[in-house]
Protein chains: 2
Amino acid sequence: MQKITMADVAKAANVSKSTVSQYLNKRYEYMSEETKKRIAQAIEELGYQPNFVARSLKQKSTSTIGVIVFNILHMLTTQVLRAIEDVCQERDFHVIVCNTDDDPEKEKKYIEMLRAKQVDGLIIFPTGRNYEWYEKMVNESFPLVFVDRMVPDLPVDAVLLDNYKAAKLAVDHLADVGYERIGIVTPPLVSYNIPRTERVEGFKLAVKARGLQVMDEYIVNLEIPCIKEGLTKLFRSGCPPQALFAINDLTLMEVLHFVQENQLRIPHDIALISIDDVPFASIYTPTLTTIAQPAFEMGRKAAERLFQKIERNNEEKEPQILRLEPVLKKRQSVSWRSNP
Amino acid sequence: MQKITMADVAKAANVSKSTVSQYLNKRYEYMSEETKKRIAQAIEELGYQPNFVARSLKQKSTSTIGVIVFNILHMLTTQVLRAIEDVCQERDFHVIVCNTDDDPEKEKKYIEMLRAKQVDGLIIFPTGRNYEWYEKMVNESFPLVFVDRMVPDLPVDAVLLDNYKAAKLAVDHLADVGYERIGIVTPPLVSYNIPRTERVEGFKLAVKARGLQVMDEYIVNLEIPCIKEGLTKLFRSGCPPQALFAINDLTLMEVLHFVQENQLRIPHDIALISIDDVPFASIYTPTLTTIAQPAFEMGRKAAERLFQKIERNNEEKEPQILRLEPVLKKRQSVSWRSNP
DNA sequence: TTGTATGCGTTATCAC
DNA sequence: GTGATAACGCATACAA
């Protein structure tokens, strides 16, 4: 089963390779109907399939982009990916997906390999810990867009949630219905993880803006497996929070486990709000109040921005940080609380 | 910022291109330390990055596989993808992910384009409706593995759930604890969707094997948006089922919505079991009894099988249909029911 | 141990 | 309108 090439088609149709190439690229202008037919027939008979690799080599463009994510298992990632795929589909581009487990070494390797494979652009959910590599791409003005996280001091386009607004939305909603002692649950705060930092920061600002107290012990920042224990301690203390704000879906899961194990009633014993509109929010009992990230919009915007850069590579626009609007989904896990 | 090529490196290091090529491919055997150093230095100074496309053209291998799925948003898909990615990572392969929305036209186009891009193999969650294209790949003995679904009468390796066993597991568990009137909920049965068909078939067999009655009106097969309505009708009828078996996560969601809207109590009013171990199974109230698919194993097995075919392309083994074991996760949504 | 020549399958530039 | 011919960047057989 050796491959049929353009040369074979040319021979079969009694024309030259160049003519076949013209035909394939629809440069019909100066081509006789006769030859067109003969070529079409030869292609058909031989079952010729163009070799895109050769074409890519010549044209210096692969119609392929790379997407490097830190965890493909996150809902957000999947949805963003889906949106990116849709945009690519419209343009006959393909997507190479790579998973880093938030490991900078893997990220570095992927960046290197994908660039070696000559992808036309890269969308990255960055670990945030490969500054030189990001910078290198910027310097070469290689098409690059960050998603979900951004890297400070680096002029790279990024599409992410407006985390401050999301936190404010949560706090304001809780405060509006009468909650005063509000806790927040998050994985550890690390400098390179911007969303976490921003959400906690936004939380503090919003609490203060409401004239409420920011209680340090209400800020639970622990590795995922330790969260339940941390919450247990907090709730055994004298004055536990009346409401918890879970910073993302994974922490929400831990909070729910905690609630279940301790037979707490939502929202009576503890009100709950979280970022990420988990799929079971509307079927949980009670239904869960969440703050949805516009995941598809994030993916679409990121992809569109990337294609802008791919298509007119020259015009060096200012890097643009898109902060998309969170959406409050009011459900039952937060409800009116009369003041004591 | 024009590209640095091997020729540039060769010139800078004062050697020929071939020597550089040797160096890059670690064919050090007959190379003097001196030249090695010079080449290494030249590469470093020029910031040379190999062009993998050119290499691929020459070697007829791209170190890239394609994965065509029908819905990347399904948990199962994501998990399988993740496992595939892990296997590929070990081998320095990359994965191009394509999403078909279960549309055969899109699938066809993707198969064509990915083959044009010279991927070394393909893992497909098939729509089941591109028989000729699948067959073409088989005839050319192009490395191909199906996942989740299989296509009857086509000698293609496939990795899927043992759907019969899964259905039997569900029915037996329900029967063991005393349920007799068992219903099943599924999207429409169509010939090309093997898992659905097998699960319903397996359900019927298992019910009969238990000496129970297969009631046609207990087999709810409707488009997802119609399921709630169908269930409503069923439960208004004289003799509704005591337990429901949801065939996958999407139908489960509909069943849960139905349950919630009608304020039914699980498992008192209706017991529930479903295939797909949804992430909220253990935090739902009550916790949900499910039958887990070994998603990671599926992905890993599929990828390993594909690499076997890629590596020793010749040996034409009999196609192998791997049916993986479902795992019953007993939780609270099914519990002892005393016979009336 | 290193260099030369050739080819991988296309596309692009010119002649004809 | 169509056909030579030369790239594209790398790998490899063979020569030196």
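Lettering of chains follows the sequences in order, A, B, ..., and the numbering in each one begins at 1. Since the model is a prediction, treat every value here as computed from it, not as a measurement.
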* Just say parallel, tilted or perpendicular for the rings of A/Tyr110 and B/His94, cut-offs at 30° and 60°. =>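 Ring orientation, 0 to 90° scale: tilted.
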* Take the angle between the ring planes of B/Phe307 and B/Phe93 and call it parallel below 30°, perpendicular above 60°, tilted in between. =>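 Judged by the thresholds at 30° and 60°, the geometry between B/Phe307 and B/Phe93 is perpendicular.
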Identify whether any heavy atom of [X] sits under 4.0 Å from a base atom; if not, whether one sits that close to sugar-phosphate; answer base, sugar-phosphate or nothing.
X       : result
A/Val15 : sugar-phosphate
A/Asn14 : sugar-phosphate
A/Thr35 : sugar-phosphate

* Asked: About how many Å separate CG of B/Asp148 and CZ of B/Phe70, when rounded to the nearest 0.5 Å?
  ->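 Separation between the atoms: 4.5 Å.
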* Start with the C-alpha gap between A/Glu90 and A/Arg300, add the side-chain angles, then the distance that decides, and say whether salt bridge (charged side-chain N to carboxylate O under 4.0 Å, His left out) holds. => CA-CA 12 Å; A/Glu90 295 164 8; A/Arg300 176 158 279 278; 3.2 Å; yes
Between [N] ([atom2]) and [X] ([atom1]): distance, integer Å:
X        : N      : atom1 : atom2 : value
A/Gln118 : C/dT10 : CD    : C1'   : 16 Å
A/Glu33  : D/dT2  : CD    : P     : 10 Å
A/Lys11  : D/dA4  : NZ    : C1'   : 16 Å

* Is it true that A/Lys136 and A/Glu140 make a salt bridge, defined as a side-chain N closer than 4.0 Å to a carboxylate O? ->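 Salt bridge: yes.
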* Structure fact -> Each nucleotide of nucleotides 6-16 of chain D classed B (base within 4.0 Å of a protein heavy atom), S (only sugar-phosphate) or -, in 5' to 3' order, makes -BBBBBB----
* Return no unless some side-chain N or O of A/Ser56 is found under 4.0 Å from OP1 or OP2 of C/dT10. =>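 For C/dT10, neither OP1 nor OP2 has a side-chain N or O of A/Ser56 closer than 4.0 Å.
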* Neighbour count >12 (heavy atoms, 6.0 Å) for atom NZ, A/Lys106 ->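 More than 12 heavy atoms, drawn from other residues, nucleotides or ligands, come within 6.0 Å of this atom.
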